[in-house]
There are 2 protein chains.
Amino acid sequence: MLSYTEENYLKALLQLTLEEGREEAGTNELAAYLGVKPATATAMLKKLREKELIEYERYGKITLRPAGRKSALEVLRKHRLWETFLYEKMEFTWDEVHEVAEQLEHIQSSKLVNKLDKFLGYPKFDPHGDPIPTAEGELKAIPRKTLSQIEVGESCVMVAVRDNSAPFLQYVVQLGLGINNKIKVLARQPYDAQLEIEVNGQKSTVSQKFAENIFVV
Amino acid sequence: MLSYTEENYLKALLQLTLEEGREEAGTNELAAYLGVKPATATAMLKKLREKELIEYERYGKITLRPAGRKSALEVLRKHRLWETFLYEKMEFTWDEVHEVAEQLEHIQSSKLVNKLDKFLGYPKFDPHGDPIPTAEGELKAIPRKTLSQIEVGESCVMVAVRDNSAPFLQYVVQLGLGINNKIKVLARQPYDAQLEIEVNGQKSTVSQKFAENIFVV
DNA sequence: TATATAAGTTAGAGTAATCTAACTATTAAA
DNA sequence: TTTAATAGTTAGATTACTCTAACTTATATA
Ligand SMILES: [Mn+2]
Ligand SMILES: [Mn+2]
Ligand SMILES: [Mn+2]
Ligand SMILES: [Mn+2]
């Protein structure tokens, strides 16, 4: 039985290594992601290694072992199912779901997870466009680009967001943007890569930082 | 902000003093109810007193102060709403809901509680027949007897159960009993107060202990 | 290749919740 | 009213998670 905290560390490791081509994570990076000090992370890493959930040695990189990855996927599955529940059934907006799902993901009941999945109609994606791991622990990574990689004159469809924070999501809505919206890139400032885009006939200018947090196909 | 554990202590105090005419609880009783040692309860009582949530002094009885009672009622409201959700929407049986609700009752989100209430159609009772406290913290205690107090020859209607444990609830179902069922008391053994009862034409013999855990009107 | 910088670890301490063992106060009986 | 039983507390230790401050190792660059 894993503690609430252990689950959070494993999920963080999974998410840090989920970006394509990444297999391992570092101590400081993990600590920053979780909002704890590196010393704290080091202590927990020893514990997770003892439980055979991660591969790790002093001053070395961290990788998930199969058991650790399985647990992390279960937590991520619950997180994304609960976000979908809050969004679809509880009238939450997409910038409100993450915080509460962060708590709900630790509820222990496999029956509840599976009934929830059924109740929601076996959704494949959460409200932010992220894929929901299956009961078997499969997580399909869809090949996708960021809005910042789209050439001037090209069009694309928004499929997900990288940043899940409330201020970012609220800004996305304010721009008239959302999952499945078609975005046309009208121009790119050579100086700072600012983008001029058009969505549903509405033109906006967004920063490179913003464009890097919008996933498109 | 109360910890998970503090919430459990306050809820336990509320439930111990909920039986009519009771205002105060004792340390050992509280410890037994929560499954901890009396020494542990003493430590927590000092902390809750410090936070002005309870009235308590060395070797004295414990009572909830208004702020403590308010928090306890909020937790109890969430517990019973989640039990109703699990029973009505997640296909849980009434002996399965309590354990998971024990976890869900600690989720912090007033928006979620109120949306859940709305989603369930503002239920007044949980699956065990217990009243659900309102958002304003009101809890109506319905005057009710136990099955053991019914005279031979009389009939009554089951409205709730006192014991919420899975083995007890499974036994209730096995006897063909449930909320709103009419029960007729056919006979009472003078020796050990065993009852012979009839439900939907089905006759059964139950112990006094059992009869004391069935609430009727 | 030496050394400065970044990355990571260790030691020591604090808080929250729990326990055991020994003790003290209250209450009920003899 | 003394004493036995019950109820409750204290002291000291443990586990989980976190921190700060000082230290060590790895790496990158000059
Ligand atoms: Mn999220
Ligand atoms: Mn979490
Ligand atoms: Mn319950
Ligand atoms: Mn609880």
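Computed from a predicted model, the values in this text were never measured in an experiment. Every chain is numbered from 1, with letters handed out A, B, ... down the list of sequences. Values below: all heavy atoms of this structure, side chains included; hydrogens, waters and symmetry mates excluded.
- A salt bridge is absent between Arg77(A) and Asp130(A): the closest approach of a Lys/Arg side-chain nitrogen to an acidic carboxylate oxygen does not fall below 4.0 angstrom.
- With rounding to whole Å, Glu29(A) atom CD is found 13 Å from dT9(C) atom P.
- Here Thr5(A) lies in heavy-atom contact (under 4.0 Å) with sugar-phosphate atoms only.
- Taking 4.0 angstrom as the limit, Thr27(A) places a side-chain polar atom (N or O) nearer than this to OP1 or OP2 of dT9(C).
- No close placement of the His98(B) and His128(B) rings is indicated, their centers lying 6.0 Å or farther apart.
- Rounded to whole Å, atom P of dA21(D) lies 10 Å from atom NZ of Lys37(A).
- Taking atom CG of Leu30(A) as the reference point, atom C1' of dG8(C) lies 12 Å away to the nearest angstrom.
- A straight line from CE of Met44(A) to P of dT9(C) spans 14 Å, rounded to a whole angstrom.
- Nearer the 5' end of DNA chain C, as judged by each residue's closest nucleotide, is the contact made by Pro38(A), out of Ala43(B) and Pro38(A).
- Taking atom NZ of Lys46(A) as the reference point, atom C1' of dA11(C) lies 10 Å away to the nearest angstrom.
- By the 4.0 Å N-to-carboxylate-O rule, Lys11(B) lies close enough to Glu105(B) to be salt-bridged with it.
- Look at Tyr9(A) and you won't find any side-chain N or O under 4.0 angstrom from OP1 or OP2 of dA16(D).
- In this structure, CZ of Arg49(A) is placed 13 Å from C1' of dG8(C), rounded to the nearest angstrom.
- Side-chain atoms of Thr40(B) lie closest to dC19(C) of the nucleotides dC19(C), dT18(D), dT9(D).
- Atom-to-atom, OH of Tyr59(A) to C1' of dA6(C) comes out at 12 Å; the value is rounded to the nearest Å.
- Across the protein-nucleic acid pair, Glu57(B) atom CD and dT26(C) atom P stand 10 Å apart, rounded to whole Å.
- Across all strands shown, Tyr4(A) has no heavy atoms under 4.0 Å from either base or sugar-phosphate atoms.
- Separation of the Tyr56(B) and Tyr9(B) ring centroids does not fall under the 6.0 Å cut-off.
- The side chain of Arg58(B) contributes no N or O atom lying less than 4.0 Å from OP1 or OP2 of dT26(C).
- If you look at Phe92(A) and Phe85(A), their ring centroids are not closer than 6.0 Å.
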